[in-house]
There are 2 protein chains.
Amino acid sequence: MSQSPWQPISPAKPARPSREPLTRDRIVDAAMGLLVDQGYEAVSMRKVAQALGTGPASLYAHVANKQELDHLLVDRAAQEMRFPEPDPARWQEQLKEAMREMLRVLRAYPGVARAAIGQVPLGERAMLTTEQLLAILKAGNVPDQAAAWAVDLIPLYVTATAFEESVQRAAEWTEADIKTFVADLRTYFESLDSSRFPLTVALAPALTAGGSGDERFEFGIQIITAGLASLAP
Amino acid sequence: MSQSPWQPISPAKPARPSREPLTRDRIVDAAMGLLVDQGYEAVSMRKVAQALGTGPASLYAHVANKQELDHLLVDRAAQEMRFPEPDPARWQEQLKEAMREMLRVLRAYPGVARAAIGQVPLGERAMLTTEQLLAILKAGNVPDQAAAWAVDLIPLYVTATAFEESVQRAAEWTEADIKTFVADLRTYFESLDSSRFPLTVALAPALTAGGSGDERFEFGIQIITAGLASLAP
DNA sequence: ACCTGAACACCGTTCAAGT
DNA sequence: ACCTGAACACCGTTCAAGT
């Protein structure tokens, strides 16, 4: 080492703001960091800029606007999804595995679902997930038009599910809070006027079952898979 | 007329703010008015207050917060939904009719879907729609647990669909803008590297078909109905 | 009890000015 | 070309003070 280790040649810097130039990637990194440990609400242009030691205006040289940043977050998450190799003999189970994988990643980044909802996924990585879903559907002989609409329906369902969960998470509910809420809800349903709400009263236990969300989700992907299978020759 | 027509007995008022007392209903009326002619983004506590000739703080005596106002808007819309009388012989078609009716109303109040997404519908009118959906499913002999989860899945799908549409509407796209966008999208899909995106390229026409949304929605409700039917004995 | 003005702690985005 | 400070036009919510 010919160079002094305790003092670089370039002039001293204000310690904090590492003077690496701003890039799209650094902005997305910072935004993802905020999202993971403070939730989607914390992902504002101002807070992202602050995390990078600069002002909000600086971001606009690299990102068109907040919406584009949202798109980039979704694409970053899509990157982590891993789908099975299409196998015609197992396509229905594989479709379910793919949907579970999508939900797994959306749960790992709570808040990404909020950025993704109602968004046409045109990022490169998001489009690769579409391609892979199409491959599984084609392996199952689902007709082209049905497959095309299915790759719209599937992310819509999975994202909406993750979004619902993230709303609860944002309220910082613990497992116990949810349990209490579900129990209260059941009592409330049972207490309704049974001449006006006969089925809500009678089905109160079923309506409040599957609180964790996993069973509900399994039901949903079962419905979608069975519905698609009914269209395959 | 014993009273001077040009000067009421009570002291002159600034013409605009009719001094009817604030009520929940008046607040929801004003919010709904804003939502209908300026979109969901215009529904802020401040703008609603302004429309009522008062300040934002005044609303908090009648409405807990913005979230509760959102719930009230959803319930107001739910009130307009009309469902068919359950008929065991026609339950599948009736279920589709019910979903079309839900979408019809959500489209009539563009923006309500944004307030409804990820929200457990606990308003009285919203719960009546749940009750009526349950009735149709029970007419079809769908098992209790499946029916219970279905009344979660169905509004989730319909609301997510309406939400997607409302995002486009909020961007103030005309019919022609959408046509152009879809055409560009198709060209884009076709131009992709077909070794990485073989199916996206091959299915480009199918992926961009059904731009109006009606065909896509019919596909979705067909999938859901068929999936549920597969669970009925 | 209901209403209000003013304040607090935030947003996204733009723009002229700097380097 | 990239970055910045300051400003613009907004948010939801709270609170002490009024009637």
Side-chain angles (χ1 to χ4, degrees), chain A residues 10-14 16-31 34-35 38-74 111 114-115 118-119 167 170-172, chain B residues 10-31 34-35 38-74 111 114-115 117-119 167 170-172:
Chain A
S10 59
K13 306 152 197 165
R16 213 44 189 316
S18 58
R19 275 285 137 263
E20 299 160 58
L22 233 40
T23 62
R24 260 178 168 243
D25 269 345
R26 289 190 64 222
I27 291 170
V28 177
D29 285 344
L34 278 168
L35 183 142
Q38 288 175 246
Y40 179 70
E41 285 66 33
V43 184
S44 67
M45 297 298 272
R46 301 177 101 99
K47 291 219 185 89
V48 170
Q50 196 181 27
L52 291 164
T54 184
S58 303
L59 307 184
Y60 287 85
H62 303 92
V63 158
N65 49 35
K66 175 70 187 336
Q67 207 194 130
E68 185 173 86
L69 180 54
D70 280 348
H71 273 86
L72 293 170
L73 288 171
V74 175
R114 290 165 101 89
Q119 177 177 293
V167 171
E172 290 185 342
Chain B
S10 59
K13 305 154 198 163
R16 212 48 190 310
S18 58
R19 274 285 136 265
E20 299 160 58
L22 232 41
T23 62
R24 259 176 169 245
D25 268 346
R26 289 190 65 220
I27 291 170
V28 178
D29 285 345
L34 278 168
L35 183 143
Q38 287 176 245
Y40 179 70
E41 285 66 34
V43 184
S44 68
M45 297 299 271
R46 302 176 101 99
K47 290 219 187 87
V48 170
Q50 196 181 28
L52 291 164
T54 184
S58 303
L59 307 184
Y60 287 85
H62 303 92
V63 158
N65 49 35
K66 175 71 189 332
Q67 207 193 129
E68 185 173 86
L69 181 53
D70 280 349
H71 272 85
L72 293 170
L73 287 172
V74 175
R114 290 164 102 90
I117 196 105
Q119 178 179 293
V167 170
E172 290 186 341

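Here the structure is a predicted model, which means the values were calculated and not measured. Per chain, numbering begins at 1; letters A, B, ... match sequence-line order.
Mapping A:Ala61 and A:Pro56 onto DNA chain D via the closest heavy atom, the residue that lands nearer the 5' end is A:Ala61. Comparing A:Arg46 and A:Gly55 along DNA chain D, the residue whose closest nucleotide (by nearest heavy atom) sits nearer the 5' end is A:Gly55.
Between B:Ser44 and the phosphate of D:dC11, there is a side-chain N or O to OP1/OP2 separation shorter than 4.0 Å. For the pair A:Lys47 and C:dC11, the criterion of a side-chain N or O lying under 4.0 Å from OP1 or OP2 is met. In terms of phosphate contacts, B:His62 brings no side-chain nitrogen or oxygen within less than 4.0 Å of OP1 or OP2 of C:dA1.
When all heavy atoms of B:Arg24 and B:Leu72 are compared, the closest pair comes out as NH1-CD2, 3.3 Å.
Put simply, the side chain of A:His62 gets close to the backbone of A:Leu22: a donor and an acceptor are under 3.5 Å apart.
Listed nucleotides: C:dC15, C:dG12, C:dG5. Nearest to the side chain of A:Tyr60: C:dG12. Residue B:Ala57 has its side chain nearest to C:dG5 when only C:dG5, D:dC3, C:dT14 are considered. Closest approach to the B:Met45 side chain among C:dT13, D:dG12, D:dT4 is made by D:dG12 (side chain taken as heavy atoms from C-beta onward).
In this structure D:dA1 sits in a base pair with C:dT19, meeting the Watson-Crick or G-U test at under 3.5 Å. When both pairing distances are held under 3.5 Å, C:dA9 makes no Watson-Crick or G-U pair with any nucleotide shown.
Using P as the reference atom, D:dA9 and C:dC10 are 22 Å apart when rounded to the nearest Å.
More than 12 non-hydrogen atoms from other residues, nucleotides or ligands lie less than 6.0 angstrom from CD of B:Glu41.
Taking 4.5 Å as the limit, every side-chain heavy atom of B:Leu69 sits out of range of all side-chain heavy atoms of B:Leu59.
In this structure, B:Glu68 places its CD atom 14 Å from C1' of D:dT13, rounding to the nearest Å.
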